[in-house]
Amino acid sequence: MKSLSFHRLPGADAMSVRVQEQDFDVSAELALMRIGNPKIGAIASFVGVVRDINEGDSVATMTLEHYPGMTEKAITEIIGQARGRWEVLDALVIHRVGTLKPTDQIVLVIVASTHRGDAFAACEFIMDYLKTQAPFWKKEITPQGARWVDARVTDSRAAERWGPVEKS
Amino acid sequence: MITLLYFARLREALGTGREELALPSGINTLGALRDHLSKRGDAWAREMADRRNLRAAVNQDVAAADTPIKDGDEIAFFPPVTGG
C-alpha cells in the first residue's frame with residue numbers, strides 16, 4: 001500500500017502523521033489526498049476543536065504537550081491497525097501542540113477509501129484510539145488557574161468498543 | 001546509562017523533564033525502577049505510588065511493570081493521555 005497517491009515524495013508511505021504548532025487547512029489537505037488517486041471513492045474527515053467550557057469552567061487558553069517520537073510512532077501504529085481492519089487507501093493525521101484558544105482546530109484525521117463505510121469507520125477508530133493511546137497532554141488555563149486535564153472514562157470506553165487490538 | 005523522561009503533571013511535580021541515570025544494580029524491570037525512584041522523596045513517592053494516574057513507556061512503547069529494562073533504554077513516565 002505504498003505511494004498510492006502522487007503528492008507524496010517518491011518512496012514515501014502514503015500514510016502521514018504530522019505534529020505541529022501551526023494551524024492546518026482542511027480543504028487543502030482533502031484536495032491533496034484526492035489528487036492523483038482515482039481509486040478513491042470516499043474521504044471521511046474529523047476536526048477536533050478547542051471548547052470554551054470544560055468541567056464547568058471557562059477556558060481561556062490551552063497548552064498541549066507531547067512526547068516527540070513516541071507520538072508519531074503511536075499514531076502510525078493506530079493507522080496500521082485501521083489498515084488491518086478496513087480498506088484504507090490513504091490516511092493523514094495532523095495534531096497541533098503548543099498554546100491554543102477556544103475555536104482553534106486541534107486535530108485532523110482524514111481517511112480515503114473506495115467506499116464510505118470503510119472511510120467513516122476507520123476515521124472514527126483512529127480518533128478513538130488517538131485519544132487514549134497517543135501521548136498528548138492538555139493543560140487548561142481558566143480564571144481559577146492552570147490545571148492538567150484528567151483522562152476521561154468515556155474516551156476509554158469509546159476505544160474499547162472496537163474490541164481487542166493486536167499489537168503490531 | 002538510561003534516559004528518563006517525565007511529562008505533563010509528573011514533569012512539574014518532580015521538577016525535571018529529563019535525566020540520565022546509571023541503571024542501579026539489581027534493577028531490571030520497569031516496576032523495580034519505579035519503586036527505586038519512589039525513594040527519592042515526597043513528590044517522587046507520591047507520583048510513583050499513584051498507579052491509577054501513572055503510565056510508562058520503554059523505548060517509546062507503552063509498557064507494564066514487568067517489562068524488562070536494560071542499559072541504553074529510554075524510559076518515560078507520564079499521566080494518562082488527554083489529546084485529541
Side-chain angles (χ1 to χ4, degrees), chain A residues 17 19 46-51 54-55 62-78 93-97 100 105-109 124 126-140 146-156 158-159 165 167-168, chain B residues 1-21 29-31 33-34 37 42-84:
Chain A
V17 177
V19 178
F46 172 85
V47 178
V49 177
V50 181
R51 273 194 313 274
N54 190 29
E55 305 287 340
M62 167 183 288
T63 304
L64 270 138
E65 178 174 333
H66 79 299
Y67 179 173
M70 181 176 169
T71 312
E72 292 82 354
K73 186 177 179 185
I75 298 172
T76 300
E77 283 178 7
I78 293 164
V93 174
I94 302 177
H95 203 300
R96 294 179 69 191
V97 292
L100 301 173
Q105 304 184 114
I106 307 180
V107 60
L108 171 66
V109 178
E124 189 168 24
I126 290 168
M127 196 55 218
D128 282 351
Y129 270 89
L130 185 152
K131 291 207 67 117
T132 56
Q133 307 292 319
F136 292 99
W137 300 275
K138 288 182 185 132
K139 189 178 196 180
E140 294 173 338
R147 65 180 182 202
W148 290 100
V149 174
D150 285 330
R152 289 172 187 270
V153 174
T154 49
D155 288 335
S156 300
V165 166
K167 188 80 179 142
S168 54
Chain B
M1 301 294 279
I2 55 174
T3 300
L4 287 169
L5 303 173
Y6 310 96
F7 291 97
R9 191 198 69 242
L10 266 81
R11 176 177 50 74
E12 290 186 347
L14 302 175
T16 181
R18 180 190 180 96
E19 62 175 311
E20 307 285 325
L21 184 74
T29 66
L30 183 60
L33 176 66
R34 180 193 58 206
L37 294 173
D42 288 349
W44 293 85
R46 191 173 58 245
E47 294 297 330
M48 293 296 160
D50 187 4
R51 304 286 163 81
R52 213 175 125 258
N53 291 305
L54 182 68
R55 300 288 182 273
V58 175
N59 298 323
Q60 305 189 350
D61 281 320
V62 171
D66 60 356
T67 303
I69 57 172
K70 60 182 188 315
D71 197 44
D73 282 349
E74 176 180 296
I75 297 161
F77 292 97
F78 46 82
V81 304
T82 55

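All chains are named by letter (A, B, ...) in the order of the sequence lines, taking the proteins before the strands, and each is independently numbered beginning at 1.
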Of the backbone (N, CA, C, O) and the side chain (C-beta and beyond), which part of A:K138 lies under 4.5 Å from a heavy atom of chain B, both, or neither?
-> both
Turns out that what part of B:N59 lies under 4.5 Å from chain A's heavy atoms comes down to backbone
Side-chain contact, heavy-atom cut-off 4.5 Å: B:V62 with A:M70?
-> yes
Sub-3.5 Å donor-acceptor pair from the side chain of A:H95 to the main-chain atoms of B:G84, do we have one?
-> yes
Against chain A, label B:A8 side chain, backbone, both or neither, depending on which of its atoms sit under 4.5 Å from a heavy atom there.
-> both
Looking at A:S156, A:A134, A:G48, which has the largest count of heavy-atom pairs under 4.5 Å with chain B?
-> A:A134
Any Lys/Arg nitrogen of B:E12 or A:K139 sitting under 4.0 Å from an Asp/Glu carboxylate oxygen of the other?
-> yes
Excluding sequence neighbours, so at least two apart, what forms ring-ring contact (aromatic ring centres under 6.0 Å, His included) with B:F78?
-> A:W137
Hey, does A:F136 have a side-chain heavy atom less than 4.5 Å from the side chain of B:T82?
-> no
In Å, rounded to the nearest 0.5 Å, how long is the span from CG of B:N53 to CH2 of A:W148?
-> 13.5 Å
Partner set under side-chain contact (heavy atoms from CB on, under 4.5 Å) for A:E140, not counting sequence neighbours = A:N54, A:V59, A:M62, A:T142, A:R147, A:V149
Contact origin within B:R11 toward chain A - heavy atom pairs under 4.5 Å | side chain
Measure A:D150 against the heavy atoms of chain B and call it side chain, backbone, both or neither at under 4.5 Å.
-> backbone
Answer whether the closest heavy-atom distance between the side chains of A:E77 and B:D61 falls below 4.5 Å.
-> yes
